[in-house]
Amino acid sequence: MLASRLRITNSPSTSLSLPSPTHAFPRLRTTYTSNIASPSSTPEDAVPLALILNSTAMSLPQVLRDLEVDWTQSLVDKTLKRLWNHAPKAVQFFQALTGLPHYTPSVSSFDHAIDLAARLRDYKTAWRFVAQMRALRLGPTPKTLAIIAERYVSAGKPDRAIQLFLSMHKHGCRQDLTSFNTILDILCKSGRVEMAYNNLFKVFKGRFRADSVSYNIIANGWCLRKRTPRALEVLKDMVERGLTPSSTTYNIMLNGFFKSGQIDEAWKFFLQMKKRKCVIDVVTYTTLVHGLGIAGEIRRARNVFNEMMRKGILPSIATYNALIQVMCKKDSVDNALIVFDDMLREGYVPNITTYNVVIRGLCHSGYMDKAMDFMSRMHQDRCKPNVQTFNVVIRYLCAAGEIEKGLHLFENMGSEGDCFPNLDTYNILINSMFVRKKANDLVVAGKLLIEMIERGFLPRRDTSSSRHPGKYLQCKYALHYYYREQLWKSKSNKSSAIELPIAGLRYQI
DNA sequence: GGCTATGTCT
């Protein structure tokens, strides 16, 4: 009884009716539902989620008032996290929640809500939350502002992020070395190391007393852009200023050489590290195993792994994951599975990354059934398939022409109520429908597109069209087919224009 | 999903 109450439809608002292959692949169905549907989350967490998803912006405040739920900080945070790929709904939920008479959000809930709104590029709402926070004297904290800055940067507005940093004091936050390092890191991680270096680091390194962390951030920024000579210059500069490079610094350089394809330099650098008695830690070894393996040097990667064991440095899960991944990519999935079993024998518990790597390897070798087995096996290790897991399997199913199986998995993603498709998922499915173009495929693509947009995944027009020239046109076609079908279905309805259920868009037929 | 730096996944 509970189970049926908890069942959440994939699309409450658009009533998506995808082809439902109920009897086409019983195997898939049993593996999937029997094992994955055992909820590890408590019913108390799941009930509100279903009600939230099925309510409208109008009805939500009343729904929340009627619910006799103690909205603790952790429950609110958890709910917002689970609605991560349902961002408009999550923001609606938080807004309705703040309207409840006896509820005061916590700092972390505000941060989550601000992150969600900013991710939707709804900066007005994000800043309104900040104002509420301030009125309650809860913030904004430096972390809150870092969240907004990061969203500005990923939306292509790094200047606004820098402005935000420079005007932190206006929001009641003090600028210090930590916030300086944070903004540098945000810019570097988005690939804007030039900006971080020229506009901030060079100008303010004296004022904030840049430390070895600041230098490491910039060096890593150059490494991410495959500019290892620049990274080395930063190291030189660092030493000249009397700062000692740490093992982190060396690990950053080592990884930079591998990322830039400079395998020989990486190896020489590692030998230098040994010669100069630098600390060689588990991160160093993991970097080597991964870097050598990706370069196709599987034997050397294994040797390094063995050397690590000999020296008494215990591999971490990340080390095993790196080895398993490179075995999958450059050796064989069967050998990767041997490593997986070794790992279990040593008493390690695989994490979600381990499973995603193994499942990807199995899919890549065409062992789809075995991949499904691993997907259900995850529960033994208190892991649940996440959106990445689903995306990998759906991608390979679609590539193999098994689009119905892909759609079936897609429909079942939310069966536990907390794994929702993201932009990648929709792109995979919509693209494969456009490749196949079977009757009805474009209609389904159109429905998916609308659902995608309603869930807050709106690729920016300029980025999507410049990177994939056909993309925008494709979207228009998909919508066209969808609405043509709608029109045909409702012939009695004489209107020739249909309002799209998306703010600000109107589609004429 | 976290928040000041490095390794595994997307």
Side-chain angles (χ1 to χ4, degrees), chain A residues 77-78 80-82 84-85 107-108 111-112 115-116 119 141-151 176-186 188-189 208 210-221 223-224 231 234 238 243 245-259 273 278-294 304-305 308 313 315-329 339 343 348 350-361 383 385-392 395 422-425 427-428:
Chain A
D77 285 358
K78 217 186 254 174
L80 288 172
K81 270 185 204 168
R82 295 167 76 191
W84 207 247
N85 288 323
V107 175
S108 64
D111 283 351
H112 282 309
D115 200 4
L116 283 157
R119 200 188 66 180
T141 65
K143 185 174 151 186
T144 314
L145 298 184
I147 288 167
I148 301 172
E150 191 179 329
R151 292 300 173 192
D176 54 12
L177 179 58
T178 306
S179 54
F180 180 59
N181 285 343
T182 305
I183 185 74
L184 289 178
D185 196 39
I186 290 170
C188 285
K189 292 259 164 70
F208 293 110
D211 63 357
S212 56
V213 174
S214 326
Y215 280 91
N216 286 346
I217 290 168
I218 298 292
N220 191 44
C223 285
L224 291 175
V234 173
M238 181 177 177
L243 295 164
S246 63
S247 56
T248 302
T249 317
Y250 295 120
N251 289 338
I252 287 169
M253 268 325 300
L254 188 63
N255 196 33
F257 285 125
F258 280 121
K259 275 213 164 73
M273 283 173 74
C278 298
V279 178
I280 311 279
D281 60 11
V282 59
V283 176
T284 319
Y285 279 115
T286 306
T287 306
L288 280 165
V289 168
H290 187 247
L292 289 169
I294 290 294
V304 166
F305 188 86
M308 170 167 81
I313 296 175
S316 65
I317 297 283
T319 321
Y320 274 106
N321 292 348
L323 186 58
I324 291 169
Q325 192 213 128
V326 300
M327 300 291 280
C328 287
K329 285 200 167 157
V339 177
M343 175 180 151
Y348 288 84
N351 63 14
I352 180 75
T353 306
T354 322
Y355 277 108
N356 285 346
V357 164
V358 170
I359 287 169
R360 189 182 193 287
C383 278
N386 63 10
V387 65
Q388 282 96 349
T389 324
F390 280 102
N391 287 352
V392 164
R395 176 175 280 124
N422 64 11
L423 183 60
D424 280 336
T425 326
N427 279 337
I428 293 162

Is the backbone of [Y] close enough, under 3.5 Å, to the side chain of [X] for a donor and an acceptor to pair up by distance?
X	Y	value
N251(A)	S247(A)	yes
R395(A)	F390(A)	no
Y348(A)	Y320(A)	no

What nucleic acid atoms does [X] come within less than 4.0 Å of, heavy atoms only: base, sugar-phosphate, or nothing?
X	value
T389(A)	nothing
T248(A)	base
V357(A)	sugar-phosphate
L288(A)	nothing

Taking OP1 and OP2 of [N], is either one under 4.0 Å from a side-chain nitrogen or oxygen of [X]?
X	N	answer
H290(A)	dT8(B)	yes
N220(A)	dA5(B)	no
R395(A)	dT10(B)	no
K81(A)	dG2(B)	yes
K189(A)	dT6(B)	yes

Practice task
State whether a side-chain donor-acceptor pair under 3.5 Å links T389(A) with N386(A).
Solution key: yes
[X] has an atom [atom1]; how far is it from atom [atom2] of [N], in whole Å?
X	N	atom1	atom2	answer
D115(A)	dG1(B)	CG	P	13 Å
Q388(A)	dG1(B)	CD	P	7 Å
H112(A)	dC3(B)	NE2	P	10 Å

Practice task
Kindly say whether, by distance alone, the side chain of S316(A) makes a donor-acceptor pair under 3.5 Å with the base of dG7(B)?
Solution key: yes
Practice task
Please confirm whether any donor atom in the side chain of T286(A) sits under 3.5 Å from an acceptor in the base of dG7(B), or the reverse.
Solution key: yes
Problem - Candidates V326(A), I324(A), N321(A), V358(A) - the one meeting side-chain contact (heavy atoms from CB on, under 4.5 Å) with V339(A) - result: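 Among V326(A), I324(A), N321(A), V358(A), the one meeting side-chain contact (heavy atoms from CB on, under 4.5 Å) with V339(A) is I324(A).
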Completion exercise
Regarding the side chain of R151(A), the nearest nucleotide among dT8(B), dG7(B), dG2(B) is dG2(B)
